[in-house]
Amino acid sequence: MTIQSRFFQQDGGDCVSRTLRDRLLGHIQVRLLAILGAIALWLCPSPALAVSVYNMPFVSPGENTWILDEGNTISRINEIQIGNALEELRNQTGAEVRFVTVRHIDYGETIQSFTEKLFEKWFSTPEEQANQVLISLDVVTNNAGIRVGSGLSDELTPEIAESVAQETVLYPLIEGDKYNEAFIDAKDRLVAVLSGQGDPGAPELKVKEVQVEGTFATAEETAEKRSDATTFVIVLLIAATVIPMVTYYALYS
């Protein structure tokens, strides 16, 4: 073998070795970024997944849509039962009550502000709003909001409305995520009040007060969790940059 042929053979071997190293490095980078991306998505759901008032289905006054269970918490049979009772209430009194469940509402939004905005979206004029009641539940934090039209405020007073949202709906959830029971109880109470039968009151809470305090996440706790998740994602992104560089220098040093 001549010197020239040995030179080309050695040069070709180096090229092959370098190509293999490049492929290995690229493979490591792709796998690492894929893993880090999956972890980031799991820890911090994309804002696109958050429920906004603007991407909620539209409901018109008089429409036979009584429940929008975007949070997937109510059984089909109970949804039908509640819907039938609310439709009968509308036929007898003109009052329209609707329940909405959501999850992952927009950052900075509260369930009450979400309820207010959705109420205004569905019923844009004072005439449309007068006989409407809207109750929303965020199934991630188990917080509820309520908005009552001006035409029903004599029967469904602010005190009763607040009790329905914060006691009738929430007490079964405090006791054990009893979503079906929560909405059935709320339906029964609202039907009684708006039908002129009097207020039966909120159900009795069967757990200790200390358990109530630990059931729902406060705004500070929610913000802290989001901050921790954001910090972790930043660390992952830094790792996604540094680790391939270290790998590269290890292969070529």
Do Glu88 and Arg90 meet the salt-bridge criterion of a basic N to acidic O distance under 4.0 Å? no
Donor-acceptor pair, distance only, cut-off 3.5 Å: does the side chain of Gln92 make one with the backbone of Leu89? no
Is the shortest side-chain heavy-atom distance between Val97 and Lys187 below 4.5 Å? no
Ser113 side chain to Thr110 main-chain N or O, any donor-acceptor pair under 3.5 Å? yes
Greater than 12 external heavy atoms within 6.0 Å of Glu204's CD: no
Answer whether the closest heavy-atom distance between the side chains of Leu190 and Phe99 falls below 4.5 Å. yes
One pair to check against side-chain hydrogen bond (donor to acceptor under 3.5 Å, both in side chains): Ser150 and Ser153. What are the steps and the verdict? CA-CA 5 Å; Ser150 59; Ser153 58; over 6 Å; no
What's the spacing between Thr65 OG1 and Leu86 CG if we round to 0.5 Å? 11.5 Å
For Pro172 and Asp185, work out which heavy atoms get closest and say how close. CG-OD2, 4.0 Å
Quick one: do Glu79 and Arg76 make a salt bridge, cutoff under 4.0 Å? yes
Please check if the distance between the ring centroids of Tyr179 and Phe183 is under 6.0 Å. no
Are the side chain of Gln112 and the backbone N or O of Ile146 linked by a donor-acceptor pair below 3.5 Å? yes
Under 3.5 Å donor-acceptor, Ser163 side chain and Glu159 backbone: no
For the hydrophobic clusters of this structure (ILVMFWY residues joined by side-chain heavy atoms under 4.5 Å, transitively), does one cluster hold both Phe58 and Leu118? yes
If you measure from CG on Asn131 to CZ on Phe123, what distance do you get to the nearest 0.5 Å? 10.5 Å
Could you tell me whether Asp199 and Arg189 have a side-chain N and a carboxylate O separated by less than 4.0 Å? yes
Measure the shortest side-chain to side-chain distance between Ser136 and Thr101 over non-hydrogen atoms and say whether it is less than 4.5 angstrom. no
Given side chains that start at C-beta, do those of Glu70 and Arg103 come closer than 4.5 Å, heavy atoms only? no
For Leu173, is there any backbone N or O sitting under 3.5 Å from a side-chain donor or acceptor partner on Asn142? no
Tell me, do Ile135 and Val164 make a side-chain contact under 4.5 Å, heavy atoms counted? yes
With a 4.5 Å limit on heavy-atom distance, are the side chains of Gln132 and Arg147 in contact? no
Report the distance from atom CD of Glu109 to atom NZ of Lys117, rounding to the nearest 0.5 Å. 3.5 Å
Quick check: do Met56 and Phe114 have side-chain heavy atoms less than 4.5 Å from each other? yes
side-chain hydrogen bond (donor to acceptor under 3.5 Å, both in side chains) evaluation trace for Thr141 with Asp138: CA-CA 6 Å; Thr141 62; Asp138 178 355; 3.2 Å; yes
Between the side chain of Glu128 and the main-chain N/O of Ser124, is any donor-acceptor distance below 3.5 Å? yes
Hydrophobic cluster membership, with links at side-chain heavy-atom distances under 4.5 Å among I/L/V/M/F/W/Y: are Trp122 and Tyr54 in one? no
Side chain to side chain, Ile184 and Asn78, heavy atoms closer than 4.5 Å: yes
Report the distance from atom CG of Leu68 to atom CG of Leu134, rounding to the nearest 0.5 Å. 9.0 Å
